> 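Shown below is the structure under consideration.
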Amino acid sequence: MNNDIAIAAQNLTKIYRRGTEEIFAVNAVSLDIRKGEYVAFIGPSGSGKTTLINILGCLDNPTSGNLSIANRTIFGQKKAVSERELTKVRRELFGYIFQKFYLIPTLNVLENVLLPCTFYCKEAAPEAYAAELLQSLGMEKRMNHLPGQLSGGEMQRVAIARSLVNRPQILLADEPTGNLDSARSGEISQVLQELNRKEGLTIILVTHNPELAKTAHRIIELRDGRIVDKMA
Ligand code: ADP
Ligand code: MG
């Protein structure tokens, strides 16, 4: 048992079947991610990045392999945790950010950030904490705006604040700058670096953006569902 490890994966494999064809979206991937580490996954489109981080983030099941989160077996020889426990792990340990922001258009910025608290809430005063997060992201003047009134970079800041509202230990970000221009990507990159450095947040990033990947502690390259290159 190693308390410094956030995520331990052994031989994770995900097979999709299309008719008689088998697609190894993730193929025997083993890796450990330390607490407080910032890891970037890169690789061509279709190389399995989304499938892999969705499994690491407990959003998807592997076909086979073992996965432990904070020393707790999530998937193993036999299924280790119930759906109910899996939901708890997702809500309590993880924050998620996606390329497409997924903001609710009819809710204002503050309400969007507070949305996860409808299901699970770690803070005694979630509104105050949500406002504090938005302020730290430079969004204090936009709290009452609707998503449709925001730029792409601002929408992603809202999504970041929402992912942090329950103080996750691990942040999963799948192409968070995929819809942003390079100046806005740079800003999001700074936000991620600061969260990692100041808050010790473990970050798992998928990106096509080499500049963004370079800010991580470790870059892992995927090709055809396999890890091809580990760089320090
Ligand atoms: P990436 O994020 O690197 O672009 P993905 O993880 O989305 O790659 O996809 C990896 C491979 O798995 C691709 O060949 C893709 O077509 C396939 N794939 C992904 N999701 C599904 C699915 N739900 N059903 C069938 N094949 C899928
Ligand atoms: Mg993807």
Side-chain angles (χ1 to χ4, degrees), residues 3 6-7 33-39 53-54 56-59 69-70 72 84-177 179-180 184-205 212 215-216:
N3 289 324
I7 298 183
I33 296 172
R34 291 188 303 278
K35 287 182 182 165
E37 196 177 13
Y38 179 3
V39 178
I53 79 156
N54 282 347
L56 297 179
C58 305
L59 295 173
I69 311 286
R72 177 145 178 227
R84 198 190 169 87
E85 287 171 295
L86 210 49
T87 303
K88 221 166 115 70
V89 169
R90 285 186 205 113
R91 285 180 187 167
E92 297 181 12
L93 294 185
F94 285 97
Y96 303 96
I97 314 171
F98 304 95
Q99 178 172 354
K100 290 182 183 168
F101 321 132
Y102 297 119
L103 302 180
I104 307 291
T106 52
L107 300 181
N108 73 24
V109 162
L110 187 63
E111 290 165 338
N112 265 284
V113 174
L114 284 166
L115 202 57
C117 302
T118 318
F119 307 99
Y120 164 74
C121 197
K122 205 175 255 177
E123 289 297 306
E127 287 216 9
Y129 187 55
E132 188 187 317
L133 284 169
L134 284 165
Q135 186 166 18
S136 73
L137 292 163
M139 292 293 291
E140 64 278 5
K141 297 211 174 82
R142 297 279 184 277
M143 302 227 203
N144 298 313
H145 286 55
L146 292 172
Q149 300 169 309
L150 304 177
S151 69
E154 288 173 330
M155 285 194 245
Q156 195 57 297
R157 282 159 189 266
V158 177
I160 292 174
R162 181 186 56 192
S163 78
L164 299 174
V165 76
N166 279 323
R167 298 187 187 271
Q169 295 176 20
I170 307 169
L171 184 67
L172 241 73
D174 193 353
E175 312 236 19
T177 65
N179 282 335
L180 305 179
R184 300 291 88 74
S185 298
E187 289 171 14
I188 296 301
S189 157
Q190 288 229 319
V191 169
L192 294 179
Q193 281 180 78
E194 276 192 28
L195 284 167
N196 173 257
R197 239 189 348 239
K198 292 190 187 155
E199 315 279 335
L201 191 63
T202 306
I203 299 183
I204 303 174
L205 169 78
L212 185 55
T215 64

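Because the structure is predicted, anything quoted here is derived from the model rather than measured. For reference, positions follow the sequence shown, starting with 1.
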> Identify the two heavy atoms, one from Ile53 and one from Leu172, that lie closest to each other, and give their separation to 0.1 Å.
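Taking Ile53 first and Leu172 second, the nearest heavy atoms are O-CD2, 3.2 Å.
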> Between Arg72 and Val89, is a side chain to side chain contact (heavy atoms under 4.5 Å, CB included) present by the stated rule, with each step listed?
CA-CA 10 Å; Arg72 177 145 178 227; Val89 169; 3.8 Å; yes
> Can you spot which of Asn112, Asn179, Ile160 makes a side chain to side chain contact (heavy atoms under 4.5 Å, CB included) with Phe101?
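It is Asn179; the other options fail the test.
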> Do Lys122 and Tyr129 make a side-chain contact, defined as non-hydrogen atoms from C-beta onward lying under 4.5 Å apart?
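No. Closest side-chain heavy atoms not under 4.5 Å.
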> Determine, step by step, whether Leu134 and Val109 satisfy the side chain to side chain contact (heavy atoms under 4.5 Å, CB included) criterion, reporting the C-alpha distance in whole Å, the side-chain angles of both residues, the deciding distance to 0.1 Å, and the verdict.
CA-CA 9 Å; Leu134 284 165; Val109 162; 3.7 Å; yes
> Measure from the side-chain N and O atoms of Gln156 to the backbone N and O of Phe98, and report whether any donor-acceptor pair falls under 3.5 Å.
yes
> Using 30° and 60° as the class boundaries, would you call the ring planes of Tyr96 and Phe94 parallel, tilted or perpendicular?
parallel
> If you draw a 6.0 Å radius around CD in Glu92, do more than 12 non-hydrogen atoms from other residues or ligands fall strictly inside?
yes
> So which atom in Ile69 and which in Leu93 form the shortest heavy-atom distance, rounded to 0.1 Å?
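Taking every non-hydrogen atom into account, CG2-CD1, 3.8 Å.
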> Tell me if a side-chain donor or acceptor on Asn196 pairs with a main-chain N or O of Gly36 at a distance below 3.5 Å.
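Flag set: sc Asn196 to bb Gly36 pair under 3.5 Å.
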> Going from CG on Asp174 to CG on Asn54, what distance comes out if it is rounded to the nearest 0.5 angstrom?
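The CG atom of Asp174 sits 6.5 Å away from the CG atom of Asn54.
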> Does a sphere of radius 6.0 Å around NZ in Lys88 hold more than 12 heavy atoms from other residues, nucleotides or ligands, not counting ones at 6.0 Å or beyond?
no
> Please say whether more than 12 non-hydrogen atoms of neighbouring residues, nucleotides or ligands are located less than 6.0 Å from CZ in Arg34.
no
> What's the separation between atom CG in Leu171 and atom CG in Leu205, rounded to the nearest 0.5 Å?
9.0 Å
> Take Leu110 and Asn144, measure what side chain to side chain contact (heavy atoms under 4.5 Å, CB included) needs, and give me the verdict at the end.
CA-CA 7 Å; Leu110 187 63; Asn144 298 313; 5.5 Å; no
> Could you please spell out the steps behind the side chain to side chain contact (heavy atoms under 4.5 Å, CB included) verdict for Ser189 and Thr177?
CA-CA 8 Å; Ser189 157; Thr177 65; 5.9 Å; no
> Of all heavy-atom pairs between Ile188 and Gly153, which one has the smallest distance, and what is that distance?
CD1-O, 4.2 Å
> So do Val113 and Val158 actually touch side chain to side chain, heavy atoms under 4.5 Å?
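Yes; the side chains approach each other to less than 4.5 Å.
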> Out of Ile170, Leu164, Leu192, which residue meets the side chain to side chain contact (heavy atoms under 4.5 Å, CB included) rule with Leu201?
Leu164
> Quick one: CD1 on Ile203 to CD1 on Ile97, what's the gap to the nearest 0.5 Å?
7.5 Å
> Mind listing the closest non-hydrogen atom pair of Arg90 and Leu59 along with its distance?
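Result for this residue pair: CD-CD2, 3.9 Å.
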> Measure the OG-CG distance between Ser185 and Leu212 for me, rounded to the nearest 0.5 Å.
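If I round to the nearest 0.5 Å, the distance is 7.0 Å.
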> Does a side-chain N-to-carboxylate-O contact under 4.0 Å join Arg157 and Glu154?
no
> Using every non-hydrogen atom in the two residues, find where Leu86 and Cys58 come nearest and quote the distance to one decimal.
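Answer, listing the atom of Leu86 first, then Cys58: CD1-CB, 4.1 Å.
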> Within the side chain of Arg162, is there an N or O that forms a donor-acceptor pair under 3.5 Å with the backbone of Leu115?
no
> List the atom of Pro105, the atom of Pro147, and the distance in Å for their closest heavy-atom pair.
O-CD, 3.7 Å
> Distance check, rounded to the nearest 0.5 Å: Leu114 atom CG versus Glu123 atom CD?
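Between Leu114 CG and Glu123 CD, I get 10.5 Å after rounding to 0.5 Å.
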> Answer whether the closest heavy-atom distance between the side chains of Ile204 and Ile7 falls below 4.5 Å.
yes
> State the CZ-CG distance between Arg91 and Asn166, to the nearest 0.5 angstrom.
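Spacing of CZ (Arg91) from CG (Asn166) equals 10.0 Å.
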